[in-house]
Amino acid sequence: MNQLALVGNITKDLVLKEHASGRVNTTFVLAINRSFKNANGEVATDFVLCSVWGRSAENLVRHCGKGSLVGVSGSIQTRNYEREDRSKVYVTEVVCNEIRFLSKSIKSQHAEMKTHSSTEPKRFEEAKSTETALPIF
């Protein structure tokens with residue numbers, strides 16, 4: 001059985017890649033804090049390479065960015081390739097088949113900050129006198 005589920009933060013902004021076959025994907029690194037402290041009293045973090053394809057990749061790039069908290073489920077896959085200097089590179093990654101967005105979209109937060117201006121009217125006014133305030137039961 002090759003199944004896993006991880007929760008962590010995306011470490012960099014995402015880029016959607018389109019391949020010659022027409023398929024799209026994105027790869028990202030997920031920072032996952034361990035649930036215990038090391039001998040120095042610090043929480044260690046693991047960095048896991050993840051890959052996602054198709055519509056899930058499109059949605060991830062559209063709604064998430066650096067710092068987004070996501071949950072992924074998928075399987076571990078290993079592959080290798082040869083560099084120009086003929087050295088062999090081995091890669092272990094999580095191929096995601098399901099992604100859950102666990103925090104408010106980073107991209108929508110940036111859009112909200114740009115649309116709000118300092119001249120926007122206040123939604124609530126402070127009470128000027130405590131004499132007119134209703135009693136709290």
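Both backbone and side-chain heavy atoms feed into the values below; hydrogens, waters and symmetry mates do not. Computed from a predicted model, the values in this text were never measured in an experiment.
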Donor-acceptor pair, side chain of N80 and main chain of V89, under 3.5 angstrom:
no
Can you sort out the partners of K37 under side chain to side chain contact (heavy atoms under 4.5 Å, CB included), two or more places apart, ordered by chain and number?
V43
Pairing residues for S87 by the side chain to side chain contact (heavy atoms under 4.5 Å, CB included) criterion, not counting sequence neighbours:
R83, D85
Within the 4.5 Å heavy-atom criterion, are V7 and V70 side-chain neighbours or not?
no
Answer with yes or no whether the hydrophobic clustering places I76 together with F28; edges join I, L, V, M, F, W, Y residues whose side-chain heavy atoms lie under 4.5 Å apart.
yes
The side chain to side chain donor-acceptor pair (under 3.5 Å) partners of E84 (sequence neighbours excluded) come to none
Any donor and acceptor pair, going by atom type alone, linking the side chain of D13 with main-chain N or O of G65 inside 3.5 Å?
no
Is any side-chain heavy atom of V29 closer than 4.5 Å to one of I10?
no
Side-chain donor-acceptor pairs under 3.5 Å in residues 45-60, sequence neighbours left out?
unit_1, atom_1, unit_2, atom_2, d
T45, OG1, N33, OD1, 2.8
D46, OD1, R34, NE, 3.4
D46, OD1, R34, NH2, 2.8
D46, OD2, R34, NE, 2.9
S51, OG, W53, NE1, 3.4
N59, OD1, R62, NH1, 2.8
N59, ND2, R55, O, 3.4

Side chains of residues 92-101: which donor-acceptor pairs under 3.5 Å do they make with residues two or more places apart or in other chains?
unit_1, atom_1, unit_2, atom_2, d
E93, OE2, R79, NE, 2.9
N97, OD1, S73, OG, 3.3
E98, OE2, R100, NE, 2.8
E98, OE2, R100, NH2, 2.7

Please list every donor-acceptor pair under 3.5 Å in which a side-chain atom of residues 14-21 meets a protein atom from a residue at least two apart or in another chain.
unit_1, atom_1, unit_2, atom_2, d
H19, NE2, N25, OD1, 2.7
S21, OG, R23, N, 3.4

Of all residues at least two apart in sequence or in a different chain, which pass the side chain to side chain contact (heavy atoms under 4.5 Å, CB included) check with E82?
R86
Can you tell me how far the OG atom of S103 sits from the CG atom of L69, to the nearest 0.5 Å?
5.0 Å
